[in-house]
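Predicted model, so just to flag it, every value in this text is computed and none were measured. Convention: sequence-line order gives letters A, B, ...; per-chain numbering from 1.
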There are 2 protein chains.
Amino acid sequence: MKVTIKDIARLSGVSITTVSQVLNGKGKRFSEETRQKVLKVVAETDYRPDYFAKNMINPQSKTIGVIVPDITDLFFSKVIEGIEMYLNEKGYVILLCDSHHSDEKEEHYMSELMDRAVEGIILATPNSIALDNLLELKQHFSFPYVLLDRGINKREGGNILVDEYAGAYEAVSYLIESGHRRIGMLANDSRFYKMNERADAYRQCLSDHQIVWEEEWVVNNAVTIEGGYLATKELLAKTNVSALFCGNDQMAIGAYRGIYEAGLKIPEDISVIGYDGLDITQYLTPSLTTVYQPAAGIGQAAAEILVDAITGSYHDYPNKMFPTELIKRESVALASQITT
Amino acid sequence: MKVTIKDIARLSGVSITTVSQVLNGKGKRFSEETRQKVLKVVAETDYRPDYFAKNMINPQSKTIGVIVPDITDLFFSKVIEGIEMYLNEKGYVILLCDSHHSDEKEEHYMSELMDRAVEGIILATPNSIALDNLLELKQHFSFPYVLLDRGINKREGGNILVDEYAGAYEAVSYLIESGHRRIGMLANDSRFYKMNERADAYRQCLSDHQIVWEEEWVVNNAVTIEGGYLATKELLAKTNVSALFCGNDQMAIGAYRGIYEAGLKIPEDISVIGYDGLDITQYLTPSLTTVYQPAAGIGQAAAEILVDAITGSYHDYPNKMFPTELIKRESVALASQITT
DNA sequence: CTGAAAGCGCTTACAG
DNA sequence: CTGAAAGCGCTTACAG
């Protein structure tokens with residue numbers, strides 16, 4: 001039998017009004033004696049106000065929905081951590097959904113979360129949401145949401161971006177400065193995030209340095225370890241490059257394996273650069289030179305904007321742009337030192 | 001202005017009873033005309049029944065609380081994935097909490113989740129919960145919970161276990177069969193999971209093979225990549241071994257780095273075995289020989305037991321024991337081939 | 001086939 | 001300083 005506020009009132013010999021007020025710290029107008037009496041009964045019965053009844057009156061679910069394409073992705077799990085740490089401190093809890101890269105699941109979860117009275121949603125998506133869906137969102141969402149989509153979906157504010165282009169350009173420049181001319185790239189041709197922006201920077205950088213780009217230098221595959229591995233196998237089978245710019249760190253980890261299986265060494269035979277700056281990359285052998293972007297910081301920024309929006313601090317979401325940073329480690333060598 | 005059932009009733013010219021019944025598919029006793037009229041208004045207004053009002057009457061939050069020590073841990077993110085996939089299919093959504101290995105946060109979240117009317121909790125914890133807390137749990141939890149603690153906390157049922165001991169024993173046996181005699185171990189002396197069981201198996205296995213164990217062969221550190229790295233540095237500085245059994249895969253990844261920095265090669269100079277069987281291990285160079293345990297399967301098993309308990313299929317939780325499997329890959333060589 | 005009314009467990013004016 | 005009563009938005013016997 002669930003204990004209700006009525007029971008507490010009866011047991012402590014006061015009205016339910018008094019119980020409610022004491023528990024919520026409203027009106028300090030009760031005698032200390034009354035307070036203690038009520039509190040004692042509450043403790044004894046381990047009474048917990050009904051979550052639903054309470055929220056029906058003043059809805060404050062203190063819950064945020066978070067949708068990511070893959071929980072096990074090293075980048076996203078770090079983003080989630082950033083979100084969680086910030087939100088937890090503010091008393092929010094997250095309802096976590098894994099869309100498994102599926103549009104349908106994403107929509108399904110959006111709807112599910114709306115039904116569940118979340119106070120806001122953070123949607124990390126590689127997809128460009130169909131325009132009418134976006135409009136529908138705008139119209140029906142009685143609560144704020146932040147898109148973590150690298151700006152794929154155009155909107156006025158709340159863009160949380162990373163200077164992808166600059167990061168990629170710097171990485172490729174570094175390879176060129178190191179004397180490399182034949183530079184491959186592991187990319188992804190889906191609209192997955194702004195991978196294409198990284199690829200654009202790569203091509204532009206080569207062009208800016210008068211390097212004639214060869215189409216077979218770029219291989220597309222999934223942005224996973226396996227994808228990087230497969231792409232590398234394919235790349236090495238059809239051409240030879242002295243350096244490889246990987247779309248992300250996970251692909252770079254796969255590339256390490258592909259290069260190893262080809263009997264080549266990093267960086268003696270081929271230099272490698274990744275993108276993301278995952279913690280693990282500093283422990284790879286050799287440690288990976290990579291373009292760092294603050295995954296946890298991105299998560300936190302999304303959470304901050306959302307909380308501000310919920311608490312009504314503003315109505316125009318601010319934009320936020322994170323710079324990247326090239327972390328130079330062991331995986332890049334001067335082209336002149338290449339042994340092959 | 002929030003649209004309520006009253007509005008729908010008014011707009012479609014029927015009673016709220018009718019609206020409610022049509023929406024919930026109760027009583028097929030309405031004329032098709034009435035149904036369509038109601039449904040049309042609902043669609044037009046994008047009416048969504050109030051989550052709290054609805055649940056106050058028949059509480060079915062369809063929400064499960066999940067607490068893990070670290071979201072970014074490769075093992076746990078896989079466990080979460082297993083939980084999520086099973087639960088999603090059954091219409092549940094997870095409220096995810098990261099205890100960051102802290103007892104206090106764990107307790108805080110337990111209480112928070114209780115207040116939030118979850119229907120059950122999966123608590124993955126390396127901690128042994130204080131006995132009185134456990135009893136208190138039993139007493140006050142009006143809902144079921146499953147502990148993912150490797151059986152640290154004794155209880156009657158709902159133990160989801162992995163045959164840790166057998167897995168570790170098999171790994172060390174394999175090293176011995178390969179001719180290794182000086183075998184180190186990266187362990188963890190906290191009560192983190194059943195790491196000690198793996199250490200026990202390691203020692204027993206050596207002893208069973210008449211190998212006199214030296215204390216400096218075992219180094220304790222955090223069960224992370226960094227911990228593995230640091231432990232390896234320490235181990236190699238004070239003794240020399242021809243093989244290394246790592247408490248988990250993350251430690252093994254760190255060991256790879258430590259061994260690399262010592263100027264040694266795997267497996268030519270030193271053989272390495274990990275524990276967990278994370279996806280990434282097959283892409284390491286060399287690929288890691290490891291003791292596989294089904295992380296996603298463990299998550300799913302916990303979710304299954306929980307759902308069955310919620311839906312009242314049983315009151316005595318079943319126990320579940322998963323076997324491990326030694327995956328032999330490139331990181332172990334015959335001792336006779338060791339070059340040093 | 002449909003509706004008026006009671007009630008879920010709270011909070012909050014309002015009255016005393 | 002405290003309580004009786006209205007009301008939040010639903011569902012569900014019950015009556016017709």
> Can you pull out every ring pair (Phe, Tyr, Trp, His ring centres under 6.0 Å) where at least one residue sits in residues 52-71 of chain A? Sequence neighbours excluded, please.
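For residues 52-71 of chain A, and leaving out neighbouring residues, the ring pair (Phe, Tyr, Trp, His ring centres under 6.0 Å) pairs sorted by first residue read A:F52-B:Y51.
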> Is it true that A:D50 and A:K2 make a salt bridge, defined as a side-chain N closer than 4.0 Å to a carboxylate O?
yes
> Does A:T18 make a side-chain N or O approach to OP1 or OP2 of D:dG3 shorter than 4.0 Å?
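For D:dG3, OP1/OP2 do have a side-chain N/O of A:T18 under 4.0 Å.
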> Can you check whether any acceptor in the base of C:dA4 is under 3.5 Å from a donor in the side chain of B:S15, or vice versa?
no
> Could you check how far CD1 of B:I57 sits from C1' of C:dG7, rounded to whole Å?
8 Å
> With a 4.0 Å cut-off, would you call A:E33 and A:K37 a salt bridge?
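Looking at A:K37 together with A:E33, the answer is no, because their closest N to O distance does not fall below 4.0 Å.
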> So does B:D46 pair up with B:R48, basic N to acidic O under 4.0 Å?
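Answer for the salt bridge query: yes.
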> For A:M56 and C:dC8, give me the distance from atom CE to atom P, rounded to whole Å.
12 Å
> Does B:Y47 reach a base, just sugar-phosphate, or nothing at all? Heavy atoms under 4.0 Å.
sugar-phosphate
> Let me know the distance between CG of B:N58 and P of C:dG7, rounded to the nearest Å.
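The answer, rounded to whole Å, is 17 Å.
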> For C:dT11, does OP1 or OP2 lie under 4.0 Å from any side-chain N or O of A:S20?
yes
> Write down the distance between NZ (B:K6) and P (D:dT11), rounded to a whole number of angstrom.
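Between P of D:dT11 and NZ of B:K6: 14 Å.
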> Using distance alone, with no hydrogens and no angle criterion, decide if B:S15 and B:T18 have a side-chain donor and acceptor under 3.5 Å apart.
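Present: a donor and an acceptor within the cut-off.
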> Taking only N and O in the side chain of A:T34, is any of them less than 4.0 Å away from OP1 or OP2 of D:dT2?
yes
> What integer distance in Å separates A:N55:CG from C:dT11:C1'?
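Whole-Å distance recorded here is 12 Å.
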> Would you list the atom pairs, donor with acceptor, under 3.5 Å between side chains in residues 87-96 of chain B and any protein atom, with sequence neighbours excluded?
unit_1 : atom_1 : unit_2 : atom_2 : d
B:N88  : OD1    : A:Y109 : OH     : 3.2
B:N88  : ND2    : A:Y109 : OH     : 3.3

> What is the separation between atom CD1 on B:I16 and atom C1' on C:dG7, rounded to the nearest whole Å?
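Nearest whole value for this atom pair: 12 Å.
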> Could you check which of D:dT2, C:dG3, D:dA4 has an atom nearest any side-chain atom of A:T17?
D:dA4
> For Watson-Crick and G-U wobble pairs within 3.5 Å on both distances, what is DNA chain C written in dot-bracket notation, | included for inter-strand pairing?
|||.||||||||.|||
> Using atom CG of A:D50 as one end and atom P of D:dC8 as the other, report the distance to the nearest whole Å.
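Going from CG in A:D50 over to P in D:dC8 covers 18 Å.
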> Tell me: CG of B:N24 to P of D:dG9, nearest whole Å?
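Result: 17 Å.
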> Is a side-chain donor-acceptor pair under 3.5 Å present for B:T17 with B:S20?
no
